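For ligands, and for the atoms within them, numbers begin at 1 and follow the listed sequence. All values reported here derive from a predicted model rather than from experimental measurement.
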Amino acid sequence: MKKSSPISVCLFPAAGYGTRFLPVTKAMPKEMLPVLTKPLIQYGVEEAMDAGMNTMAIVTGRGKRAIEDHFDVSYELEHQIKGTSKEKMLADIRHIIDKCTFSYTRQVQMKGLGHAILTGETLIGDQPFAVILADDLCVNDDEGVLTQMVELYKKYQCSIVAIEEIDPSQTDKYGVIAGEEIEPGIYRVSTMVEKPSPEDAPTNMAIIGRYILTPDIFNIIRTTKPGKGGEIQITDALMEQAKSGNVIAYKFRGKRYDCGSIDGYVQATIELYEKGKRQ
Ligand code: G1P
């Protein structure tokens, strides 16, 4: 662990089908789509490790076994390339496997992000935890987004969502927040709406796939009724916490790529490739 962190567990909801990438996601988890030589979920795990977390709790589903194999040793492969120039290509993933514990549980029915997070309760218990949606790939030259959020958690000790300003026409793709700015770029949330139409959106401040949640969220999700799309939404559960002033929204430093869309995925691939060439 790089720094002492009040949060040691990061949850990865990874049961979704990835239909926007069909047919490639027919037999391959969308979290395993590569950006250059690393799968999306590895970027997320590295971001969580940089933020001081060493337990990765992954909510999987049918057809997701490749994720478990990725975060495990491959003796045949390691034996095969031992002593060759290729050995170093496994150094990063080997480091992750050595430093972290991975645990898995399956979401049997797809009932929304809130439901996926509740499914992870068995891996988390009664402690604050982070959530990464691996298809939001975040990069920053200094501290990663989750590291920034952990710093904020130390101060506010409540749930935190990462936000960015989006084109107002795009609000129906995101959870959208409104609130009072209490420090530059930091808001105490008063309203949260899941995927409002531009006419109904309170602002253009959209939640991206990084959360820190306090464990009381589990009981709240248990009583949260299905919302947008008939799914149990984490945005609706967080709105309950927000009613007592316990949700902060944070405009993070860095860049986020929506790798759940072809455009964002291609953009991430090109930009990370160009960046790699310059280093
Ligand atoms: C989910 C959340 C949404 C959030 C988004 C970030 O939506 O429900 O509030 O803004 O992730 O990526 P999804 O993209 O899974 O439809």
Side-chain angles (χ1 to χ4, degrees), residues 10-21 25 29-31 33 40-41 43-44 47 58-61 64 107 109-120 130-139 145-146 149 159-179 187 189 191-198 200-213 217 220-221 224-242 247-252 254-265 267-268:
C10 186
L11 182 75
F12 293 81
Y17 298 125
T19 46
R20 275 187 278 178
F21 280 86
T25 46
K30 66 174 172 147
E31 295 76 14
L33 287 171
L40 279 171
I41 193 163
Y43 288 91
E47 186 185 323
I58 306 187
V59 177
T60 65
K64 299 279 185 168
Q107 187 183 8
Q109 285 176 293
M110 304 300 138
K111 292 199 222 161
L113 181 56
H115 178 256
I117 291 173
L118 182 59
T119 305
V131 177
I132 288 185
L133 306 184
D135 49 15
D136 275 338
L137 173 58
C138 293
V139 294
V145 179
L146 221 49
M149 291 170 75
S159 290
I160 303 173
V161 295
I163 52 165
E164 71 177 8
E165 286 192 38
I166 52 156
D167 188 301
S169 66
Q170 302 293 303
T171 55
D172 61 355
K173 296 194 173 77
Y174 299 92
V176 176
I177 70 107
Y187 300 79
V189 175
T191 306
M192 311 183 80
V193 198
E194 180 67 7
K195 303 194 174 106
S197 63
D200 297 333
T203 68
N204 67 334
M205 292 191 286
I207 302 168
I208 63 120
R210 298 292 180 279
Y211 305 76
I212 287 179
L213 301 174
I217 199 74
I220 299 175
I221 300 173
T224 299
K225 302 226 157 47
K228 193 87 186 180
E231 296 187 332
I232 297 170
Q233 301 292 350
I234 190 62
T235 308
D236 296 340
L238 278 163
M239 183 59 214
E240 276 310 301
Q241 288 188 328
V247 181
I248 296 287
Y250 170 59
K251 263 188 201 163
F252 63 97
K255 179 153 189 184
R256 164 215 167 235
Y257 298 96
D258 174 12
C259 291
S261 76
I262 310 274
D263 284 352
Y265 176 74
Q267 194 191 358

Below 4.0 Å from any atom of ligand 1, which residues have a heavy atom? Give them in chain and number order, please.
->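 Ligand 1 is contacted, at a heavy-atom distance under 4.0 Å, by Leu113, Leu133, Asp136, Tyr174, Gly175, Glu194, Lys195, Ile207, Ile208, Gly209, Tyr211, Gln233, Thr235.
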Could you give the side-chain donor-acceptor pairs of residues 159-169 under 3.5 Å, partners two or more places apart or in another chain?
residue: Ser159; atom: OG; partner: Thr214; partner atom: N; Å: 3.2
residue: Ser159; atom: OG; partner: Thr214; partner atom: OG1; Å: 3.4
residue: Ser159; atom: OG; partner: Gln241; partner atom: OE1; Å: 2.6
residue: Glu164; atom: OE2; partner: Arg256; partner atom: NH1; Å: 2.9
residue: Glu165; atom: OE2; partner: Lys251; partner atom: NZ; Å: 2.7
residue: Asp167; atom: OD1; partner: Ser169; partner atom: N; Å: 2.9
residue: Asp167; atom: OD1; partner: Ser169; partner atom: OG; Å: 2.8

Heavy-atom closest pair, residues Gly44 and Ile132 |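 Where Gly44 meets Ile132 most closely, the heavy atoms are O-CD1, 3.3 Å.
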Can you tell me how far CD1 of Ile58 sits from CD of Gln107, rounded to the nearest 0.5 angstrom?
->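 Gln107 atom CD to Ile58 atom CD1 measures 14.0 Å (nearest 0.5 Å).
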To the nearest 0.5 Å, tell me how far Leu238 CG sits from Ile117 CD1.
->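 Going from the CG atom of Leu238 to the CD1 atom of Ile117 covers 7.5 Å.
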What pairs with Lys173 under salt bridge (Lys or Arg N to Asp or Glu O under 4.0 Å), at least two apart in sequence or on another chain?
->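 If we apply the salt bridge (Lys or Arg N to Asp or Glu O under 4.0 Å) test to Lys173, skipping adjacent residues, there are no hits.
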What pairs with Glu231 under salt bridge (Lys or Arg N to Asp or Glu O under 4.0 Å), at least two apart in sequence or on another chain?
->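 Result, salt bridge (Lys or Arg N to Asp or Glu O under 4.0 Å) vs Glu231: none returned.
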